[in-house]
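Notes for the one structure printed next.
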Number of protein chains: 2
Amino acid sequence: MNAKLLLLGILKQSEMHGYQLYDFIERNLAVCTDLKKASAYFLLNKMEKEGYIQAVEQRVGNRPPRKVYRLTASGEQLFEQLLVENLAQYTPPVFSDDIGIAFLDQLPAERALALLRKRFQTMQLRLRELENIPPHPGATALLIQHQIHHLQSEIAWLGKLIASLEQGTSPARTPRREGIPDCESPS
Amino acid sequence: MNAKLLLLGILKQSEMHGYQLYDFIERNLAVCTDLKKASAYFLLNKMEKEGYIQAVEQRVGNRPPRKVYRLTASGEQLFEQLLVENLAQYTPPVFSDDIGIAFLDQLPAERALALLRKRFQTMQLRLRELENIPPHPGATALLIQHQIHHLQSEIAWLGKLIASLEQGTSPARTPRREGIPDCESPS
DNA sequence: TTTCGAATAGTCAATATTGAATAATTATAA
DNA sequence: TTATAATTATTCAATATTGACTATTCGAAA
């Protein structure tokens with residue numbers, strides 16, 4: 001649903017056609033969505049059928065006609081509803097990179113450490129990239145700041161993990177050995 | 001691909017049938033994946049076709065037969081490859097909750113603040129929940145700690161945002177007014 | 001003025017994901 | 001004992017997602 005909120009929110013500020021929307025998201029809002037082009041088109045079609053947006057055909061030169069979308073009244077309503085829901089809620093992220101962490105003990109300690117140090121470097125690199133993004137206007141700056149804040153926190157966490165692995169000791173509060181919990185034998 | 005890593009990693013530790021796998025993930029590894037039941041079955045079938053795992057039919061009582069999966073040699077190989085890739089890499093998260101933040105200025109300031117305070121409370125609640133999870137064995141504890149670390153960082157960030165909105169001033173380093181960047185008029 | 005790469009604009013077949021249904025077995029409480 | 005709820009186990013139709021392709025126009029270098 002958040003993708004709908006995104007599209008509606010942008011269209012509310014200014015009407016656009018599909019490619020423009022996609023391009024705008026790519027350039028300014030990539031940090032909060034991974035909507036692909038085809039998905040954007042799919043959702044626009046769907047929301048048009050559902051009556052939240054309406055399209056006007058526009059011809060420029062002798063290019064093929066483009067559909068320029070704008071919000072309808074019920075689209076405005078949906079936008080507000082989705083915005084209110086979004087703001088009040090917290091969605092716990094899924095750290096899929098942690099899947100590897102769960103199987104850390106399947107690799108020789110030195111190998112695992114080397115790989116984690118590489119991850120650490122990748123993160124530092126990205127942090128520098130984010131810090132070097134020229135100041136975006138409006139709320140985008142806020143979103144980038146959020147990414148930076150998060151990344152710093154993640155770097156700190158991974159740093160501690162690496163340090164504790166280097167000590168050969170378990171990381172704080174982790175009892176016993178590494179590895180995922182023992183699996184009960186099949187019933 | 002991370003879902004494959006997850007399934008292979010668990011199967012490497014002990015052979016299981018589909019439901020067992022799914023149940024195990026739900027109970028212990030929900031913080032690093034959101035794999036649904038049907039997706040788990042789909043992937044198991046696929047990996048069987050691809051030769052990474054092989055199934056043995058098992059009958060218990062007169063229940064319908066179950067397929068118990070185990071890694072093949074090429075499955076072990078794929079597991080290691082995916083693990084190495086995973087550990088060395090960092091995948092920037094997509095904060096879809098930030099979509100709402102980008103449209104904060106579409107709501108009266110007081111309304112927006114009230115909603116963000118609600119989000120803040122939700123996060124505190126979840127933090128307490130995480131802190132009260134009884135100590136899991138093995139690496140799961142580490143993953144939960146990671147969630148806690150992250151959540152604390154997110155709470156701090158949102159706290160600052162709320163404070164700066166309460167001041168009526170722009171949050172640090174955010175220039176000019178709120179809102180997503182101006183959209184160039186269509187070409 | 002031709003050509004070649006980039007930008008614009010969109011489509012579609014293939015793939016992936018999931019909510020909901022099915023169905024058997026076992027536990028539980030009435 | 002006998003409903004009924006919970007657990008075990010899987011399937012499938014409907015939806016959603018995306019990589020790869022098509023096609024036009026524009027800019028600029030040769």
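- Rounded to an integer number of Å, the gap from A:K67 NZ to C:dT8 C1' is 18 Å.
- Look at CG on A:L44: it is 13 Å from P on D:dT17, rounded to the nearest Å.
- A salt bridge does not link B:K37 to B:E26: none of the charged nitrogens lies less than 4.0 Å from a carboxylate oxygen.
- Between the P atom of C:dA6 and the CG atom of A:D23 lies a distance of 16 Å, rounded to the nearest Å.
- If you check every strand for non-hydrogen atoms under 4.0 Å, B:F42 touches a base.
- In the model, A:N86 has no side-chain atom that pairs as donor or acceptor with a side-chain atom of B:D97 under 3.5 Å.
- For A:A38, the listed nucleotide lying nearest its side chain is C:dC12; candidates were D:dT10, C:dC12, C:dT18.
- Whole-Å rounding puts the A:Y22 OH to C:dT8 P distance at 12 Å.
- At whole-Å resolution of the value, CG in B:D34 and P in C:dG19 are 10 Å apart.
- For B:D34, there are no side chain to side chain donor-acceptor pair (under 3.5 Å) partners, not counting sequence neighbours.
- With C:dT18, C:dG10, D:dT18 as the candidates, the nucleotide lying closest to the side chain of A:S39 is D:dT18.
- Distances shown here put every side-chain N or O of A:Y19 at or beyond 4.0 Å from the OP1 or OP2 atom of C:dG10.
- The side chain of A:H17 places no N or O atom within less than 4.0 Å of a non-bridging phosphate oxygen (OP1 or OP2) of C:dT8.
- Salt bridge annotation for A:K4-A:E50: present, with a cationic side-chain nitrogen under 4.0 angstrom from a carboxylate oxygen.
- Nucleic acid contact for A:K37: base, since at least one base atom lies under 4.0 Å from a heavy atom of the residue.
- Put simply, NZ on B:K4 is 15 Å from C1' on C:dT17, counting in whole angstrom units.
- Going from atom NZ of B:K36 over to atom P of D:dT17 covers 12 Å, rounded to whole Å.
- At the phosphate of C:dA16, OP1 or OP2 sits under 4.0 Å from a side-chain N or O atom of B:K46.
- Per the geometry, NZ belonging to A:K49 stands 11 Å off P belonging to D:dA16, to the nearest Å.
- With sequence neighbours left out, A:T122 forms a side chain to side chain contact (heavy atoms under 4.5 Å, CB included) with B:Y90.
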